Amino acid sequence: MQFNSNIEKNLAKAINKVALPKKTRSYELCVKADALRFAKSYRESVKFYLDSIMMDRNYEEAYWGLATSYKYLTEYKKSIKTLEKLIKIDEKNDKYFLELGICYLCDGHPELAIKHLVNAIVLNRENLEAQIQLAIAHELVDEADLSLMIYNKLIETNPEFLKAYYNKAAMLMGMGNFEEASKTFFQLIKRNPDYYKAYLGIAMSFDKLERYSDAIRYYKKFLNFKKLSEDAVFARQRIRDLKEILPTKETKFRIV
C-alpha cells in the first residue's frame with residue numbers, strides 16, 4: 001500500500017508541474033477574428049486580425065485569416081498584399097502560393113497567377129487544386145493547349161478527381177467542340193452517376209449538335225436532379241422549344 005501511495009503522490013506532483021502554454025493576446029484576438037469570419041462577418045473580422053498582427057508580426061494564422069476575409073470582401077489587392085507578407089514568413093507552404101494565385105485570378109490577372117500556382121505545385125506535386133487553377137489560368141491567357149494538357153494529365157493520374165473532367169468539358173464547350181465535350185461529360189457520369197451538372201452539359205452539347213431528341217432526354221435527366229434550380233427553368237424552356245422543332249409522331253408517320 002505504501003508503494004502505491006508514493007506513486008500517487010509522485011503523479012500528483014508531476015501533474016501540478018504541467019502547465020498549458022500561455023495564450024498570448026495575439027492568439028486571443030485571432031481566435032475572435034476567426035469566429036467572426038466563420039460567421040461571415042468578414043468586415044468585423046478584419047479589425048481583430050490587424051490587431052492580432054500588430055501584437056505579433058509573424059503570426060501566420062492571423063495573416064491567413066486576414067487574407068481570406070479580404071478575399072470574401074472581394075478586396076483582392078489587399079488579400080494579395082497580405083499573402084505576399086505571409087509568404088515572406090513561410091515560403092515553403094504551397095497553400096499560401098495557391099491562394100495567392102487564386103486571388104490574382106479573381107483580380108483579373110491570370111498571367112500573374114501562373115507563376116504562383118507553379119510554385120505551389122513545385123512545393124507539393126499532390127496539390128490538385130493548384131493544378132486545376134493553373135489550367136484555368138492558361139485558358140484565360142489563350143493557351144488552351146496547355147490547359148487541355150493539364151486536364152488530361154490530371155484525369156490520367158487522378159481518375160477520381162471529378163473536377164478535372166467537368167472543367168475540361170466546360171472548356172471544350174467554350175471552344176465549340178461539343179462532340180468531345182459530351183464524351184468528357186459521359187466519362188464524368190461514369191465515375192459518378194449523381195454528378196447532375198454533367199447531364200446538363202451533355203444536354204447542351206447535344207442541343208448544339210442538333211441532336212434534339214438526345215438533348216431533350218438529358219435535359220429531363222438533369223431535371224430529375226434539380227427541379228427547382230435556375231438552370232431548371234432554362235432546361236424546361238429548351239425542352240418546350242425543341243419539341244416544337246421535332247416532328248410529332250403523327251407528322252412523322254403520316255402517309256402523303
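Just so you know, these numbers come straight off a predicted model, no measurement behind them. Residue numbers run from 1 in the order of the sequence given.
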- Under 3.5 Å donor-acceptor, Ser147 side chain and Ala135 backbone: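 Answer holds: yes.
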- Message: Please check this pair: side chain of Ser52 against backbone of Ser26, looking for a donor-acceptor N/O pair closer than 3.5 Å.
- Response: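 Yes; at least one donor-acceptor contact below 3.5 Å.
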- Query: Under a 4.0 Å N-O cut-off, is there an ion pair linking Asp107 with Lys77?
  - Reply: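 Here Asp107 pairs with Lys77 in a salt bridge, since their nearest N and O are under 4.0 Å apart.
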- Is Glu180 paired with Lys183 through a side-chain N to carboxylate O contact shorter than 4.0 Å?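 Salt bridge present between Lys183 and Glu180.
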Crowded around [X] [atom1]? As in, over 12 foreign heavy atoms under 6.0 Å?
{"X": "Tyr27", "atom1": "OH", "value": "no"}
{"X": "Lys81", "atom1": "NZ", "value": "no"}
{"X": "Glu84", "atom1": "CD", "value": "yes"}

Quick one, [X] and [Y] - any side-chain contact, counting heavy atoms below 4.5 Å?
{"X": "Asn93", "Y": "Asp90", "value": "yes"}
{"X": "Ile102", "Y": "Glu99", "value": "yes"}
{"X": "Ile239", "Y": "Leu223", "value": "yes"}
{"X": "Asp231", "Y": "Lys226", "value": "no"}
{"X": "Tyr195", "Y": "Tyr166", "value": "yes"}
{"X": "Tyr104", "Y": "Pro110", "value": "no"}
{"X": "Arg240", "Y": "Lys243", "value": "no"}
{"X": "Lys47", "Y": "Asp51", "value": "yes"}

By ring pair (Phe, Tyr, Trp, His ring centres under 6.0 Å), which residues pair with [X], not counting sequence neighbours?
{"X": "Tyr72", "result": "Tyr42"}
{"X": "Tyr199", "result": "Phe225"}
{"X": "Phe97", "result": "none"}

Quick check: closest heavy atoms across [X] and [Y], and the distance to 0.1 Å?
{"X": "Phe48", "Y": "Ala33", "result": "CB-CB, 3.6 Å"}
{"X": "Ile53", "Y": "Ala62", "result": "CG1-CB, 3.7 Å"}
{"X": "Tyr165", "Y": "Thr184", "result": "O-CG2, 3.3 Å"}
{"X": "Ala235", "Y": "Phe222", "result": "CB-CD2, 4.1 Å"}
{"X": "Leu162", "Y": "Arg191", "result": "CD2-CB, 3.6 Å"}
{"X": "Leu209", "Y": "Glu179", "result": "CD1-OE1, 3.6 Å"}

side-chain hydrogen bond (donor to acceptor under 3.5 Å, both in side chains) contacts touching [range] (sequence neighbours left out):
{"range": "residues 59-68", "result": "Glu60-Tyr96"}
{"range": "residues 110-121", "result": "His109-Glu111"}
{"range": "residues 204-213", "result": "Asp207-Tyr219, Asp207-Arg238, Arg211-Asp214"}
{"range": "residues 121-137", "result": "Asp94-Asn124, Asp94-Asn127, Glu129-Gln133, Glu129-Lys163"}

- Hey, are Asp241 and Gln237 close enough side-chain-wise for a donor-acceptor pair under 3.5 Å?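 Distance-only check passes for Gln237 and Asp241.
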Does one hydrophobic cluster hold both [X] and [Y], with members joined at side-chain heavy-atom distances below 4.5 Å?
{"X": "Met175", "Y": "Ile150", "value": "yes"}
{"X": "Leu29", "Y": "Val31", "value": "no"}
{"X": "Leu242", "Y": "Met204", "value": "yes"}
{"X": "Phe185", "Y": "Phe234", "value": "yes"}
{"X": "Ile155", "Y": "Ile189", "value": "yes"}

Between [atom1] of [X] and [atom2] of [Y], what distance do you get to the nearest 0.5 Å?
{"X": "Met173", "Y": "Phe178", "atom1": "CE", "atom2": "CZ", "result": "5.5 Å"}
{"X": "Cys30", "Y": "Lys32", "atom1": "SG", "atom2": "NZ", "result": "13.0 Å"}
{"X": "Leu66", "Y": "Ser79", "atom1": "CG", "atom2": "OG", "result": "8.0 Å"}
{"X": "Tyr151", "Y": "His138", "atom1": "OH", "atom2": "NE2", "result": "10.5 Å"}
{"X": "Thr157", "Y": "Leu154", "atom1": "OG1", "atom2": "CG", "result": "5.5 Å"}
{"X": "Leu148", "Y": "Lys168", "atom1": "CG", "atom2": "NZ", "result": "6.5 Å"}

- Message: Test side-chain contact (heavy atoms from CB on, under 4.5 Å) on Val46 and Leu73; report intermediate values, then the result.
- Response: CA-CA 10 Å; Val46 166; Leu73 290 167; 4.1 Å; yes
- Item | Results of salt bridge (Lys or Arg N to Asp or Glu O under 4.0 Å) for Lys78 - residues two or more places apart only |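 Testing Lys78 for salt bridge (Lys or Arg N to Asp or Glu O under 4.0 Å), a comparison that skips the adjacent residues, returns Glu75.
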- Message: Under 4.5 Å side-chain heavy-atom separation, chaining through any Ile, Leu, Val, Met, Phe, Trp or Tyr, what else clusters with Leu146? Say none if it is isolated.
- Response: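 In the cluster with Leu146 are Met149.
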- Task: Share the residues that join Val233 in a hydrophobic cluster, the rule being Ile, Leu, Val, Met, Phe, Trp or Tyr side chains under 4.5 Å apart at the heavy-atom level.
- Result: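 Result for Val233 is none, singleton.
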- Between Tyr218 and Phe186, ring centroids under 6.0 Å: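 Yes.
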- Excluding sequence neighbours, so at least two apart, what forms side-chain contact (heavy atoms from CB on, under 4.5 Å) with Ser41?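 If we apply the side-chain contact (heavy atoms from CB on, under 4.5 Å) test to Ser41, skipping adjacent residues, the hits are Leu36, Ala39, Glu44.
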- With side-chain contact (heavy atoms from CB on, under 4.5 Å) as the test, would you mind laying out the steps for Asp34 and Ser45 before giving the verdict? CA-CA 7 Å; Asp34 284 342; Ser45 73; over 6 Å; no
- Query: Going through the distances and angles, do Arg236 and Lys220 end up as a side-chain contact (heavy atoms from CB on, under 4.5 Å)?
  - Reply: CA-CA 8 Å; Arg236 289 192 189 93; Lys220 288 180 177 179; over 6 Å; no
- Arg25/Glu28 under salt bridge (charged side-chain N to carboxylate O under 4.0 Å, His left out): CA gap, chis, key distance, verdict: CA-CA 5 Å; Arg25 179 60 176 157; Glu28 291 174 348; 3.8 Å; yes
- Message: side-chain contact (heavy atoms from CB on, under 4.5 Å), that's the test. Do Ile216 and Leu246 meet it? Break it down for me.
- Response: CA-CA 10 Å; Ile216 289 172; Leu246 286 171; 3.5 Å; yes
- Item | Those residues that, when tested against Thr82, pass side-chain hydrogen bond (donor to acceptor under 3.5 Å, both in side chains) (two or more places apart) |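 Thr82 satisfies side-chain hydrogen bond (donor to acceptor under 3.5 Å, both in side chains) with no residue once adjacent residues are dropped.
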